[in-house]
> 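Structure below; questions to follow.
Keep in mind it's a predicted model, so treat the numbers as computed, not measured. Per chain, numbering begins at 1; letters A, B, ... match sequence-line order.
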Number of protein chains: 2
Amino acid sequence: MMSRCEQCLIKEFNNLNALSKEELKQISDSKDVHVFKKGEVIFSEGKFVSGVYCIKDGVCKSSQLNANGKEQIVKFTKKGDLIGYQSAITNEANTITVTALSDVAACFIPQELIKKPLDENAKFSTAMFKTVCSDLKEANNAITNISTNTVHQRMADLILFLKDTYGATDAGVIKIQLSRKEIASSVGTATESAIRVLSTFKKDGLIDLTGKSITIIDEEGLKRLAEGI
Amino acid sequence: MMSRCEQCLIKEFNNLNALSKEELKQISDSKDVHVFKKGEVIFSEGKFVSGVYCIKDGVCKSSQLNANGKEQIVKFTKKGDLIGYQSAITNEANTITVTALSDVAACFIPQELIKKPLDENAKFSTAMFKTVCSDLKEANNAITNISTNTVHQRMADLILFLKDTYGATDAGVIKIQLSRKEIASSVGTATESAIRVLSTFKKDGLIDLTGKSITIIDEEGLKRLAEGI
DNA sequence: GCTTTATTATGATATTAGTCATTTTTAAAA
DNA sequence: TTTTAAAAATGACTAATATCATAATAAAGC
């Protein structure tokens, strides 16, 4: 039995809830559920996507490679996020690569079925507009953050961001696990530097480290650090 | 005698050319030409703008302040660009400050007259969508550039960007003049570092410096440098 | 299980960039 | 023009971060 978009709860977390019954029905009839294994690339920089993915379950990273092949993570996404809209809407090649950080299930919605409501449904297009503007705002903040703050500040910032975005257990264990290399690619530093900063944070009683798990011990301390106090 | 949007040539450089005669007429009836002196702030981070500015003449910088009051320039704009759309469309406070880098003339278009065609005119809304996506793409590239490239690379990149965006005389003199502080705020480095890098470039025969004017001597060399070769 | 490979961690060192102090130059104001 | 202030330039020094080498763990494959 195939699940229907009309009944799907995921859309309450994104702009698809602005669509009409009829529009949702059309999407539901042509959508396709794709499953990606952890580490698998969903779409790549330079390639085209002929639609938009709605993440049903799992987490992803959006990244770019610089001229020397060094990766920079520019965004994290999760359940409910729509990805690939840039390429699908502008008809231009992707400028980012999206990779599954966990096993991911995502519904692929063909381009036309997004573009049509974008033209006809003001509620949906306004919502999408706000989403892109919000992404742009976050990107601008990241530029300022990376170029004016230290690695220590950015690391504290990332840990708090991961907790806020992906949650933590009652004991403070952050629910997403990234490799040290990925942490470094997000903070914008060398892997060794990222490792060293995490060790310092542990030594200073801000966090605890067990394998890839990060436990927040002193959230206020991390906040102060992130703000450079 | 007031000039009319319907006849205005500036709109050929932006998305307003996707508007209908009637929509343009309405805008023309309520628009207002504002003049800003060099250095004047057009709108500020944290404040709201109740409309969009269409730059008729001049150049601007979009910047943010970090927690310690350090400025980061995130974008340069010029004649033809629409600024302030983020706040006007999302009804949220500005996340950037826009400042005139030269004397600037800009037409202020009230919010409603942008929002209405955005809902009703698919050609216009698609064009605006592409603009925001393009701004997002550039912002992502800036993140990767700042965090993976050296100050030398980014400075070479900025010089080439300024030439491409604002043009240069036959002799290679870039037509926009920025202070060393502004150059530093764009590259994401300290003012003294920016000055030193420019001196090195001059010594190496890549550029020439006369006051605030930068003359490109060896464009290919700058390109190689920007790419880290 | 063992073996191999990848990841994480840490030390030593080099490089890059930032800060502070001072001088020179340029621009603005009186 | 002279005075004052601001911007640009440079030196000396410090701090931050990257790189390279190597060791310790952990994960994956057989």
> So does A:Arg196 get a side-chain nitrogen or oxygen closer than 4.0 Å to the phosphate oxygens (OP1/OP2) of D:dT17?
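No, outside the criterion.
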> Would you please confirm or rule out a distance under 4.0 Å between OP1 or OP2 of D:dA18 and any side-chain N or O of A:Ser193?
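Checking D:dA18 against A:Ser193, a side-chain N or O does come within under 4.0 Å of OP1 or OP2.
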> Nearest of C:dT10, D:dT17, D:dT19 to any side-chain atom of A:Ala190?
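Ranking C:dT10, D:dT17, D:dT19 by closest atom to the A:Ala190 side chain puts D:dT19 first.
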> Would you indicate which nucleotide in D:dT17, D:dA8, C:dG18 comes nearest to any side-chain atom of A:His152?
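Within the option list, the nearest is D:dT17.
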> In whole Å, I'd like the distance from the CG atom of A:Asn66 to the P atom of D:dA18.
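After rounding, the gap between these two atoms is 13 Å.
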> Expressed as a whole number of angstroms, how long is the span from A:Gln177:CD to C:dT7:P?
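Value for this atom pair: 15 Å.
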> Is any side-chain nitrogen or oxygen of B:Thr191 closer than 4.0 Å to OP1 or OP2 of D:dA7?
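For D:dA7, neither OP1 nor OP2 has a side-chain N or O of B:Thr191 closer than 4.0 Å.
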> Toward the 5' end of DNA chain D, which comes first, A:Gly188 or A:Lys212, by nearest nucleotide?
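Result: A:Gly188.
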> Restricting to non-hydrogen atoms, name the atom on B:Leu178 and the atom on B:Lys212 that form the minimum distance, rounded to 0.1 Å.
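Scanning both residues completely, I find the closest heavy atoms to be O-CD, 3.7 Å.
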> Tell me if the OH atom of A:Tyr166 is crowded by more than 12 foreign heavy atoms within 6.0 Å.
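Counting other residues, nucleotides and ligands, OH of A:Tyr166 exceeds 12 neighbours.
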> Rounding to a whole Å, what distance do you find between A:Ile195:CD1 and D:dT17:P?
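For the pair A:Ile195 CD1 and D:dT17 P, the rounded distance is 16 Å.
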> Given atom CZ of A:Arg180 and atom C1' of D:dA18, what is their separation to the nearest angstrom?
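Taking atom C1' of D:dA18 as the reference, CZ of A:Arg180 is at 19 Å.
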> May I ask you to decide if the ring planes of A:Phe108 and A:His34 are parallel, tilted or perpendicular, using 30° and 60° as cut-offs?
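Tilted, since the angle between the ring planes falls between 30° and 60°.
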> Out of C:dA9, D:dA8, C:dC20, which has the shortest distance to the side chain of B:Glu192?
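Of C:dA9, D:dA8, C:dC20, C:dC20 is nearest to the side chain of B:Glu192.
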> Within this structure, what is the CD1-to-C1' distance between A:Ile214 and C:dT8, rounded to whole angstrom?
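One finds 13 Å between C1' of C:dT8 and CD1 of A:Ile214, rounded.
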> If I take atom CG in residue A:Asn149 and atom C1' in nucleotide D:dT17, what distance separates them, rounded to the nearest angstrom?
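Distance, rounded to whole Å: 15 Å.
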> Is it true that B:Glu219 and B:Lys163 make a salt bridge, defined as a side-chain N closer than 4.0 Å to a carboxylate O?
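Counted as a salt bridge, because a side-chain N and a carboxylate O are separated by less than 4.0 Å.
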> Measure from CG on B:Leu209 to C1' on D:dT10 and round the result to the nearest Å.
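In whole Å, D:dT10 C1' and B:Leu209 CG are 14 Å from each other.
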> From C-beta outward on A:Ser179, which listed nucleotide comes closest to its side chain: C:dT10, D:dT10, C:dT8?
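Among C:dT10, D:dT10, C:dT8, the one nearest the side chain of A:Ser179 is C:dT8.
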> Round to the nearest Å and state the distance from B:Lys181 atom NZ to C:dG18 atom P.
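That distance rounds to 15 Å.
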> One thing to verify: whether B:Lys61 and B:Glu182 come together as a salt bridge, which I'm taking to mean a side-chain N less than 4.0 angstrom from a carboxylate O.
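B:Lys61 and B:Glu182: salt-bridged.
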